[in-house]
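Structure first, commentary second.
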There are 4 protein chains.
Amino acid sequence: MTPRPARTALTKQKLFDAALRLLGERGAAEVTVDEIAAAAGVAKGTVYYNFGSKDALIDALLRHGVDLLAQRLRPDGDDNAVEHLVGASLEFFRDYPAFGQLLVSEMWRSPGQWHGTLSLLRDDIVAIFKEVVQRSADAGKLPEGVQAGTASAALFGTLLVVALDWQVFQPDRSLDQVRDSVMLLVRGVIPAA
Amino acid sequence: MTPRPARTALTKQKLFDAALRLLGERGAAEVTVDEIAAAAGVAKGTVYYNFGSKDALIDALLRHGVDLLAQRLRPDGDDNAVEHLVGASLEFFRDYPAFGQLLVSEMWRSPGQWHGTLSLLRDDIVAIFKEVVQRSADAGKLPEGVQAGTASAALFGTLLVVALDWQVFQPDRSLDQVRDSVMLLVRGVIPAA
Amino acid sequence: MTPRPARTALTKQKLFDAALRLLGERGAAEVTVDEIAAAAGVAKGTVYYNFGSKDALIDALLRHGVDLLAQRLRPDGDDNAVEHLVGASLEFFRDYPAFGQLLVSEMWRSPGQWHGTLSLLRDDIVAIFKEVVQRSADAGKLPEGVQAGTASAALFGTLLVVALDWQVFQPDRSLDQVRDSVMLLVRGVIPAA
Amino acid sequence: MTPRPARTALTKQKLFDAALRLLGERGAAEVTVDEIAAAAGVAKGTVYYNFGSKDALIDALLRHGVDLLAQRLRPDGDDNAVEHLVGASLEFFRDYPAFGQLLVSEMWRSPGQWHGTLSLLRDDIVAIFKEVVQRSADAGKLPEGVQAGTASAALFGTLLVVALDWQVFQPDRSLDQVRDSVMLLVRGVIPAA
DNA sequence: TATGAATGAGCATTCATTCAT
DNA sequence: GATGAATGAATGCTCATTCAT
């Protein structure tokens, strides 16, 4: 299926995996290209051959991570849409705590290297949230005056910081516990079907 | 008021001001001591004379910033306690957007240099929030099952994220608009007196 | 004419052409094999397949270029031999200005990679000049004390430098103008027949 | 006399000396900053503290070297001006063979790093030559049609290549021998007083 | 013959830190 | 108290070369 560039694709994947872990754990500036290459099991030059620069690798990584998150958010068979968003988000950040840290470190750095990329990516994610929240709004379930856009952005942001708080300060709590806590709060704003 | 070291205090203040702006905009690792010193109008050696190291300067800066925030949160005579927390927090992050960026970049960096300091500082802030939320809980205003601690941490995190979103993506909205939006959401969880 | 390896010869020629331009413009050390290959429209590996190394490519290029120059200098039936040398040299460096730059950059680099090759090549050229100058000497036309060898080397060097000066600092002058200027000087040393 | 920056001036001088020798011997691209720093007896960072970049160091070096040459060319008590130019030039390139190689390598590289600087410097030197040659022209000593500017540029170029030829291919000849050989040729164009 | 992904030694540059003044 | 020249370990990046296809 994958023609010739199978080797390249594999190399890039190895680099993504290694970079995702290291960059989240320690921040973009603290991780060296040497480390990423070593963790991926390739030579340093390979990073540059495939991505051109450290910044470009991180940029590609951010896009890749957000794609993964978007995939997990999309599905969901039937109702309980909000609960699915909450659960899927927490699950994603549990699986890739590194990525959450990377996001939160770079998302609001206005003249930052990746601000442009992250603005776009953030919009992608918030749009998915908004789709669900809007449905509740259409059903008249949102409190008077609450706008779907504002609520969606706030919900995503809250999930992000709650997930990080969980991983960093209360790693012993289970996913279910955290999701239930969050849902109790969310249900105050968006009642269940 | 400031006792003897008037000269030192001034120098430190100049360094705080310069460091706060630069570190927030570009992240701790991206800013050099040279830049901070230049922006403060002092020689590089002066940073080391006054703080000992770059890390120590940032550590002191974080403590200083959180003290400022704590001061603003504390006051407020009587009711509308929750609204005061929300308004004061948003106001603080509007006044010191760089500090919000710095916090969010470093707060969840587990093996980070300032993780220890930030854990303590976070506890200080959340404790203030919890005091207020607990009062609502005691008055039976929290939904069944919602814990004051969890709600407080989530509220602080949400405010942080919302404030940054505001400053970076919607700088045209007024403080009142943002505060009202947030309160609409919060009132779903913590109804007004 | 070119025997069997028509394909190889073509590839080598493409590489020569590309290398000549790039190496002259920017110096041997500043040009990468990638660039040469790209400019020649072949893959990088092809350079190594055909020449073995970057140094060997440059070595071959130098030999090739000096052969071309020697060919142009040789002909000329009868008199006006000196004028022919001057004219042919200037013409050659006008046609291959990059080669002149390459020569001048590497010719006097004592521990240089191509010093050996260039010494031999220089001798070839100077020998052709000497042949002509010696004829003038035999005819008693050289000033008392001037040696043919010294005068030949100086003449070649001067032509090289004058040609480069012309191309770089006075590209508007015509070949005839430059040749006439040089001949005025040369005639002071080697009078016409 | 030299106030405080005596240390800096000394450091720069040490770097100039070391760089002049190394760069001439092996060409700008072949010499590493590490080597220059080591040869100067300072740390690598010191090069960057004082010059900002390797390119800037070389640029400064070119200006410095041309100043030295200009100084040597200027003086000369009375007549024999042309002979002084020839002798002083050869002497300079004998003392700094490295510099001659550097000059010749970079002077005609049109899109080169230092082409701008070298154009200016070349003009300085040629102007000094022209002053002397013009005097001969005014005295009616130049052959009919020879222009002072052209002759000056050619003379400087010739001296440059002759000096390099001497150092590289005939290091056994004495300065006097070479100067006399050159003067024999020059006298054909510019007769003695 | 030709290709291009992968390599890794080598290099220019940065920057936190020191210390003599 | 303050300074800034000097340091050198660390880092991002380059590029000639190799080799499996």
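Chain identifiers are assigned alphabetically (A, B, ...) following the order of the sequence lines, protein sequences preceding nucleic acid strands; residue numbering begins at 1 within each chain.
Among the duplex regions that DNA chain F forms, those built from at least three successive Watson-Crick or G-U pairs under 3.5 Å are E:2-21 with F:2-21, ordered by first number.
Close to F:dA16, at under 4.0 Å from its OP1 or OP2, lies no side-chain N or O of C:Ser53. Listed pair A:Tyr48 / F:dC13 meets the phosphate criterion, a side-chain N or O lying under 4.0 Å from OP1 or OP2. Taking side-chain N and O atoms only, D:Lys44 has no distance below 4.0 Å to OP1 or OP2 of F:dG8. Residue B:Thr46 places none of its side-chain N or O atoms closer than 4.0 Å to OP1 or OP2 of F:dG1.
Rounded to an integer number of Å, the gap from B:Asp55 CG to E:dC15 C1' is 13 Å. Atom-to-atom, CG of C:Leu15 to C1' of F:dA16 comes out at 15 Å; the value is rounded to the nearest Å. The distance between atom NZ of D:Lys54 and atom C1' of F:dT14, rounded to the nearest whole Å, is 13 Å. For C:Phe51 and F:dA16, the CZ to C1' distance is 16 Å, given to the nearest whole Å. Between D:Ile58 atom CD1 and E:dC11 atom P the separation is 14 Å, expressed in whole Å. Atom CG of A:Leu22 and atom C1' of F:dG12 are 16 Å apart (whole Å). The CD atom of D:Gln13 sits 18 Å away from the C1' atom of F:dA6 (whole-angstrom rounding).
The salt bridge (charged side-chain N to carboxylate O under 4.0 Å, His left out) check on D:Asp34 picks up D:Lys44, with sequence neighbours excluded. Remark: C:Phe51 engages C:Phe16 in a ring pair (Phe, Tyr, Trp, His ring centres under 6.0 Å) (not counting sequence neighbours). In this structure D:Lys12 satisfies the salt bridge (charged side-chain N to carboxylate O under 4.0 Å, His left out) test with no other residue, sequence neighbours excluded. In terms of the salt bridge (charged side-chain N to carboxylate O under 4.0 Å, His left out) criterion, A:Glu30 has no residue partners (sequence neighbours excluded). With sequence neighbours left out, B:Thr32 forms a side chain to side chain donor-acceptor pair (under 3.5 Å) with B:Glu35. C:Arg21 pairs by the side chain to side chain donor-acceptor pair (under 3.5 Å) definition with nothing, not counting sequence neighbours.
The shortest side-chain heavy-atom distance between A:Val168 and A:Gln101 falls under the 4.5 Å cut-off. Put simply, the side chain of D:Leu23 does not reach to within 4.5 Å of the side chain of D:Phe99, judged on heavy atoms.
Note on B:Val42: only backbone sugar-phosphate atoms sit closer than 4.0 angstrom, heavy atoms only; bases stay farther off.
Between C:Gly45 and B:Gly45, it is B:Gly45 whose nearest contact on DNA chain F lies nearer the 5' terminus.
Of the residues in residues 28-37 of chain C, those placing a heavy atom less than 4.0 Å from an atom of DNA chain F are C:Val31, C:Thr32, C:Val33, in numerical order.
Among pairs with a residue in residues 46-56 of chain C, those fulfilling side-chain hydrogen bond (donor to acceptor under 3.5 Å, both in side chains) read C:Asp55-C:Gln113, at least two apart in sequence or across chains.
Distance from the side chain of D:Asn50 is smallest for F:dA6 among the nucleotides F:dA6, E:dA6, E:dT3.
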